[in-house]
Amino acid sequence: MQGYSSSSSSSQIFRTLFLVVPISLFSVLIFFSVSLKSIPQPLSSSSPSDPYLFPSSTIHHTLFLNPNSSSHWDPSSFPSPPSIAYFISGSYGDLDRIQRLLHAVYHPKNFYLLHLDRFAPQRDRDELAMRVQEVSVFHAARNVFVVGKADFAYQKGSTFVSTTLRGASILLRLAEKWDWFVNLSAKDYPLVTQDDLLHILSYLPKNLNFVNHTSYIGWKEVRRMKPIIVDPGLYLQEKTDMFRVAQKRDLPRVFQLFTGLSTSILTRELIEFCILGSNNFPRTLLMYFANMPSSQLNYFPTVVCNSKQFKRSTINGNLQFTASGNQSRDVFPRPLDVDDFNGMKNSGAAFAAQVTDLQVLDHMDRHLLGRHFGQLVPGGWCIGDYVNGTCSSWGDADILRPGEGSKRLEKHILKLLANGAFLSHQCQVE
């Protein structure tokens with residue numbers, strides 16, 4: 001706490017806090033409520049769909065790259081592939097990165113909402129929408145959408161959380177059936193194919209949340225928990241600096257703070273709990289974090305670990321590879337380079353954070369995803385030839401062709417669940 005030499009100074013600070021905090025809380029509620037307007041109607045099961053991607057047959061099966069693995073199999077013995085709702089966000093200069101990431105994580109079973117925040121010019125959003133319209137399978141699957149009216153998303157403020165929740169709420173409205181929600185930055189990139197990921201997730205309970213979390217705050221208490229800020233994205237139309245208050249606040253006593261990483265893999269049930277549920281805790285937490293720096297690192301970990309219905313089904317790991325520099329100072333992971341490639345591959349993670357080097361991206365495309373420049377990652381649904389583009393023609397989207405990436409991912413998840421690690425690392429108060 002900062003000391004003051006006179007009572008008048010203290011009363012001035014008190015008046016400042018009295019005005020700043022309620023205004024900011026009111027702003028975040030208005031921001032979130034306005035963002036829910038003018039959302040398209042959901043895609044119901046009765047809506048017309050491509051008969052080749054989504055045939056009427058209810059049989060689902062998997063094609064393994066190793067012919068010995070599929071010599072004797074019963075199609076009905078394989079679980080139905082799940083569906084993932086991706087919210088992919090970027091900022092100024094991220095147009096090409098978002099397009100490349102979309103191509104790398106695309107699968108007709110999933111849904112995708114793309115958001116370029118207001119730091120990017122409107123022409124970039126228009127260009128992104130045009131590029132989406134040019135891909136034939138996006139039309140056939142009707143599962144890629146672009147946010148036209150963008151929001152500010154200050155990474156060191158609370159608008160990042162409100163923007164993510166807005167994206168999740170839109171995806172709830174757009175699609176009636178998806179199982180997990182994944183928020184990715186334009187600087188993230190997959191380490192496995194979607195066939196690998198969907199294949200492994202199909203064998204897991206659909207109530208599992210993958211959230212990095214810890215109650216140990218350490219140095220973050222002074223730098224990220226107690227400071228008070230006002231995010232200008234909540235109430236201003238133009239870019240400006242963050243407003244900081246000299247006074248600090250105490251940590252909460254009615255709930256336990258947890259911190260983690262900004263990317264999580266969350267169940268639809270949890271998303272509905274945060275946005276549509278009758279329990280007021282997620283909204284109370286949203287207001288509390290409205291004035292906290294880097295609140296996106298704390299919101300979902302704190303929600304799941306303070307909710308009885310989710311804390312016992314939360315895995316302490318978000319299936320993302322990160323490389324941090326100075327842990328005592330760095331808030332976000334450092335950018336990955338070529339020297340990190342083997343570590344990324346051997347980690348068994350599904351995604352990597354902070355991949356901005358084009359050489360690294362090309363290496364990942366070539367050696368992990370089998371993706372050629374400008375094309376989608378081939379999957380079991382792709383039946384075209386190499387000359388015309390493997391995914392230029394398509395078949396049943398329920399056919400998966402998992403590869404080596406699925407084995408690495410399976411090993412990683414089993415490690416998270418084995419030898420009591422699941423419970424011993426689950427929402428523990430340190």
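Here the structure is a predicted model, which is why all the values come from computation and not from measurement. Scope of the values below: all heavy atoms of this structure, side chains included, with no hydrogens, waters or symmetry mates.
- Classified by interplanar angle (parallel below 30°, tilted 30° to 60°, perpendicular above 60°), the ring pair Trp178/Phe181 is tilted.
- Tyr189 places no side-chain N or O within donor-acceptor distance of the main-chain N or O of Thr356, the cut-off being under 3.5 Å.
- Side-chain contact of Asn316 with Gln426: a donor-acceptor pair under 3.5 Å is absent, judged by distance alone.
- Side-chain atoms of Leu191 and Lys345, non-hydrogen and from C-beta on, never get closer than 4.5 Å to each other.
- Contact of the Phe351 side chain with the Phe321 side chain is not registered, since no non-hydrogen atoms from C-beta on lie closer than 4.5 Å.
- Side-chain contact between Gln256 and Thr302: absent, with no pair of heavy atoms (C-beta onward) separated by less than 4.5 Å.
- Rounded to the nearest 0.5 angstrom, Leu208 CG and Lys206 NZ are separated by 10.5 Å.
- Side-chain polar atoms of Tyr92 and Asp124 form no donor-acceptor pair below 3.5 angstrom.
- Under the rule for a side-chain contact (heavy atoms from CB on, under 4.5 Å), the partners of Ser307 that lie at least two apart in sequence or sit in another chain are Phe273, Phe281, Val303, Phe310.
- Ring-centre distance between Phe255 and Tyr288: below the 6.0 Å cut-off.
- Every residue two or more places apart in sequence or in another chain was checked for a side-chain hydrogen bond (donor to acceptor under 3.5 Å, both in side chains) with Gln309, and none qualifies.
- Between Gln133 atom CD and Leu128 atom CG the span is 10.5 Å, to the nearest 0.5 Å.
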Please lay out, stage by stage, how Tyr154 and Asp117 fare under the test side-chain hydrogen bond (donor to acceptor under 3.5 Å, both in side chains).
CA-CA 9 Å; Tyr154 287 82; Asp117 65 28; over 6 Å; no

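- Here the shortest heavy-atom pairing between Phe111 and Lys109 reads CE1-O, 4.0 Å.
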Hey, mind stepping through Asp179 and Arg268 against salt bridge (charged side-chain N to carboxylate O under 4.0 Å, His left out) and telling me if it holds?
CA-CA 5 Å; Asp179 303 293; Arg268 185 183 182 108; over 6 Å; no

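- Among Asn143, Leu101, Val377, the single residue meeting the side-chain contact (heavy atoms from CB on, under 4.5 Å) criterion with Tyr106 is Asn143.
- The CZ atom of Arg100 sits 14.5 Å away from the CD1 atom of Ile98 when rounded to the nearest 0.5 Å.
- Within the model, atoms OG of Ser169 and CD of Glu272 stand 12.0 Å from one another, a figure rounded to the nearest 0.5 Å.
- Residues Thr163 and Phe87 have side chains in contact (heavy-atom distance under 4.5 Å, counting atoms from C-beta outward).
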With ring-ring contact (aromatic ring centres under 6.0 Å, His included) as the test, would you mind laying out the steps for Phe119 and Phe152 before giving the verdict?
CA-CA 7 Å; Phe119 295 116; Phe152 277 120; 5.0 Å; yes

Could you walk me through whether Asn318 and Thr263 satisfy the side-chain hydrogen bond (donor to acceptor under 3.5 Å, both in side chains) test, starting with their C-alpha distance in whole Å, then the side-chain angles of each, then the deciding distance to 0.1 Å, before giving a yes or no?
CA-CA 7 Å; Asn318 65 346; Thr263 295; 5.2 Å; no

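- Counting only heavy atoms from C-beta outward, the side chains of Asn183 and Tyr86 never approach each other to under 4.5 Å.
- The pair Lys407-Asp196 fails the salt-bridge criterion, with no side-chain N (NZ, NE, NH1 or NH2) lying under 4.0 Å from an Asp/Glu carboxylate O.
- In this pair, Trp381 and His107 present their aromatic rings perpendicular. The plane angle is above 60°, beyond the 30 to 60° band.
- In this structure, Asp231 contributes its side chain and Ala290 its backbone to no donor-acceptor pair below 3.5 Å.
- At least one side-chain heavy atom of Leu257 sits under 4.5 Å from a side-chain heavy atom of Pro252.
- Using a 4.5 Å heavy-atom threshold, the side chains of Ile315 and Leu417 count as touching.
- Classification of Arg131 and Asp96 as a salt-bridged pair holds, one side-chain N sitting under 4.0 Å from a carboxylate O.
- Lys187 has no carboxylate O lying under 4.0 Å from a charged side-chain N of Asp357, or vice versa, which leaves the two without a salt bridge.
- Surrounding NZ of Lys411 are at most 12 heavy atoms belonging to other residues, nucleotides or ligands under 6.0 Å away.
- The line from CG of Asp396 to CG of Leu53 is 8.0 Å long, rounded to the nearest 0.5 Å.
- A heavy-atom distance below 4.5 Å is not found between the side chains of His213 and Leu261.
- For the atom pair CG (Leu358) and NE2 (His363), the distance works out to 14.5 Å, reported to the nearest 0.5 Å.
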Would you please test Arg123 and Asp126 for salt bridge (charged side-chain N to carboxylate O under 4.0 Å, His left out) and show each step?
CA-CA 5 Å; Arg123 64 177 179 274; Asp126 296 339; over 6 Å; no

